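In this text the structure is predicted, and so the values were computed from the model without any measurement.
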Amino acid sequence: MRHLWPGLWRAATTDWLEPLADGLRGIDREDQATLVLAVIRGLLMDLDATGDTARTGKAFTDFVGGLAGN
C-alpha cells in the first residue's frame with residue numbers, strides 16, 4: 001500500500017490533528033488531540049472487526065465523558 005500512496009499514514013494522522021485540537025479547545029483539552037485520534041482509530045478498528053456497535057459506542061461515549069470531566 002505504501003508504494004501506491006506514499007505518505008498515506010502520515011496524512012491520515014496529521015490531517016485530523018488540527019481539527020481535533022480545534023474542537024477540543026472548547027473544553028480546554030486541545031493537548032489531547034493525539035490521544036483522541038488514537039482512541040477513535042482503535043474503536044473504529046474494533047467496530048470493523050467485531051461489528052459490536054453497542055460496546056464500541058459505549059466505550060466512545062465513556063471516553064468523551066472522561067475528556068469533558070463527566
- Query: Does the side chain of Phe60 reach to within under 4.5 Å of the side chain of Ile40, using non-hydrogen atoms?
  - Reply: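 Phe60 reaches Ile40 side chain to side chain.
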- Would you say the side chain of Phe63 lies within less than 4.5 Å of the side chain of Leu35, judging by non-hydrogen atoms?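 Contact flag for Leu35/Phe63 side chains = yes.
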- Hey, could you give me each pair passing salt bridge (charged side-chain N to carboxylate O under 4.0 Å, His left out) that has a residue in residues 10-22? Not counting sequence neighbours.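 Sorted pair list: Asp22-Arg25.
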- Query: Which is it for Glu30 and Asp28 under the side-chain contact (heavy atoms from CB on, under 4.5 Å) test, yes or no, and what are the steps along the way?
  - Reply: CA-CA 6 Å; Glu30 63 270 16; Asp28 198 31; 3.9 Å; yes
- Would you please name every residue forming a side-chain contact (heavy atoms from CB on, under 4.5 Å) with Ala33, sequence neighbours left out?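 Once residues adjacent in sequence are excluded, the partners of Ala33 under the side-chain contact (heavy atoms from CB on, under 4.5 Å) criterion are Leu17, Leu20, Ala21, Leu24.
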- Over all atoms of both residues, closest heavy-atom pair of Trp16 and Pro19: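 Here Trp16 and Pro19 meet closest at O-CD, 3.3 Å.
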Side-chain donor-acceptor pairs of residues 43-51 under 3.5 Å, sequence neighbours excluded:
| residue | atom | partner | partner atom | Å |
| --- | --- | --- | --- | --- |
| Asp46 | OD1 | Thr50 | OG1 | 3.2 |
| Asp46 | OD1 | Arg55 | NH2 | 2.6 |
| Asp46 | OD2 | Arg55 | NH1 | 3.1 |
| Asp46 | OD2 | Arg55 | NH2 | 3.4 |
| Thr50 | OG1 | Asp46 | O | 2.9 |
| Thr50 | OG1 | Asp52 | N | 3.2 |
| Thr50 | OG1 | Arg55 | NH2 | 3.4 |

- Message: Please enumerate all residues that pass side-chain hydrogen bond (donor to acceptor under 3.5 Å, both in side chains) together with Thr34, with sequence neighbours excluded.
- Response: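 None.
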- Task: Determine yes or no for a side-chain-to-main-chain donor-acceptor pair under 3.5 angstrom, with Arg29 supplying the side chain and Leu67 the backbone.
- Result: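 Confirmed, Arg29 side chain pairs with Leu67 backbone.
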